[in-house]
Amino acid sequence: QVQLVESGGGLVQAGGSLRLSCVASGRSVSNHVMGWFRQAPGKEREVVARIRWNSGRTDYADYVKRRFTISRDSAKLTMYMQMNSLKPEAPAVYYCAARHVYNSQYDYWGQGTQVTVST
């Protein structure tokens, strides 16, 4: 299986930036799709951005377009999400996830990292 560990969350002021990291280990992430998900208190988990590992093709939720950038470093087996122009929000947990390209469900999840954007 694939093990995923997120890091990089914390407290940041509105308008600031954070970079989240997700390190993969175990099974190769070749031929996988990896993504970042966000879950706010009392809300369902939602996709923020995703990337096809092999090709680097990306897509984003509309509300983060032009502000967030998802990427991966194959040599480090690490996926990143650069988050710029952050808007005030209650603390939310960001999760790293992965699925094989032929699967519809994300089978592998990290433990999450909390992000809080203050006014």
Side-chain angles (χ1 to χ4, degrees):
Q1 64 175 16
V2 178
Q3 292 83 45
L4 304 171
V5 180
E6 306 99 326
S7 62
L11 175 66
V12 64
Q13 293 185 15
S17 299
L18 286 173
R19 188 178 73 162
L20 306 183
S21 299
C22 173
V23 180
S25 62
R27 184 180 177 183
S28 172
V29 292
S30 296
N31 302 309
H32 282 69
V33 178
M34 295 184 66
W36 288 100
F37 293 75
R38 179 171 68 184
Q39 187 164 30
K43 303 293 181 63
E44 294 187 358
R45 195 171 299 180
E46 62 182 9
V47 63
V48 178
R50 56 188 179 181
I51 185 168
R52 292 180 70 102
W53 191 266
N54 289 3
S55 69
R57 184 177 297 113
T58 62
D59 59 71
Y60 299 87
D62 286 343
Y63 72 94
V64 303
K65 287 180 178 177
R66 296 176 286 105
R67 297 190 298 118
F68 290 10
T69 303
I70 188 171
S71 62
R72 85 277 192 260
D73 185 329
S74 295
K76 295 182 177 181
L77 294 174
T78 302
M79 178 179 67
Y80 304 96
M81 187 162 67
Q82 180 67 42
M83 306 162 64
N84 296 329
S85 301
L86 287 163
K87 300 177 180 179
E89 62 179 17
V93 179
Y94 285 74
Y95 295 91
C96 173
R99 63 172 176 87
H100 194 273
V101 294
Y102 295 142
N103 291 347
S104 60
Q105 299 295 121
Y106 285 81
D107 296 324
Y108 309 108
W109 295 84
Q111 83 291 344
T113 184
Q114 185 168 288
V115 173
T116 303
V117 184
S118 64
T119 57

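Only heavy atoms go into these numbers, but all of them, side chains included; no hydrogens, no water, no symmetry mates. All of these numbers come straight from a predicted model, not from anything done at the bench.
- Here the CG atom belonging to L77 is positioned 12.0 Å from the CE atom belonging to M79, to the nearest 0.5 angstrom.
- Under the 4.5 Å side-chain contact rule for hydrophobic residues, V64 and V47 do not share a cluster.
- Tracing side-chain contacts under 4.5 Å through hydrophobic residues (I, L, V, M, F, W, Y), one reaches L4 starting from L18; they form part of the same cluster.
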Take D107 and Q1 through the side-chain contact (heavy atoms from CB on, under 4.5 Å) test and state the conclusion after the steps.
CA-CA 9 Å; D107 296 324; Q1 64 175 16; over 6 Å; no

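- In terms of heavy atoms, L20 sits closest to Y94 at CD1-CB, 3.6 Å.
- In terms of hydrophobic clustering, with Ile, Leu, Val, Met, Phe, Trp and Tyr side chains grouped at heavy-atom distances under 4.5 Å, Y95 and Y108 are assigned to different clusters.
- Within 6.0 Å of the CD atom in Q13, the count of heavy atoms belonging to other residues, nucleotides or ligands does not exceed 12.
- Applying the side chain to side chain donor-acceptor pair (under 3.5 Å) definition to pairs two or more places apart or across chains, those involving residues 110-119 are E6-Q111.
- The two atoms that bring P41 and P91 nearest to each other are CD-O, 3.1 Å, heavy atoms only.
- Using modelled atom types, one side-chain atom of H100 and one backbone atom of Y102 make a donor-acceptor pair closer than 3.5 Å.
- In the hydrophobic cluster analysis, where Ile, Leu, Val, Met, Phe, Trp and Tyr join through side-chain heavy atoms closer than 4.5 angstrom, V12 is grouped together with Y63.
- For the atom pair M83 CE and T69 OG1, the distance stands at 11.0 Å (nearest 0.5 Å).
- Taking CE of M81 as the start and CZ of R19 as the end, the distance is 12.5 Å to the nearest 0.5 Å.
- One distance of note links NE2 of H32 with CH2 of W53; it measures 11.0 Å at 0.5 Å rounding.
- At distances below 3.5 Å, not a single donor-acceptor pair connects side-chain atoms of R52 with backbone N or O atoms of R57.
- A donor-acceptor contact shorter than 3.5 Å is absent between the side chain of N103 and the backbone of Q105.
- The minimum heavy-atom distance linking W109 with Y106 is given by the pair NE1-O, 3.0 Å.
- Proximity of a side-chain donor or acceptor of R38 to a complementary backbone N or O of V48 within less than 3.5 Å is not detected.
- Of the possible polar contacts, none joining the N84 side chain to the S17 backbone as a donor-acceptor pair under 3.5 Å is found.
- For the pair R45 and F37, the NZ or CZ position fails the cation-pi test of under 6.0 Å to the six-membered ring centre and within 45 degrees of the ring normal.
- Using a 4.0 Å cut-off between charged side-chain N and carboxylate O, R50 and D59 make a salt bridge.
- Nearest approach of M34 to C96, heavy atoms of both residues: CE-SG, 3.8 Å.
- The two atoms that bring V23 and K76 nearest to each other are CG1-O, 4.5 Å, heavy atoms only.
- Closest approach of W36 to S21, counting heavy atoms only: CH2-O, 3.5 Å.
- A side-chain donor-acceptor contact under 3.5 Å links Y60 to the backbone of I70.
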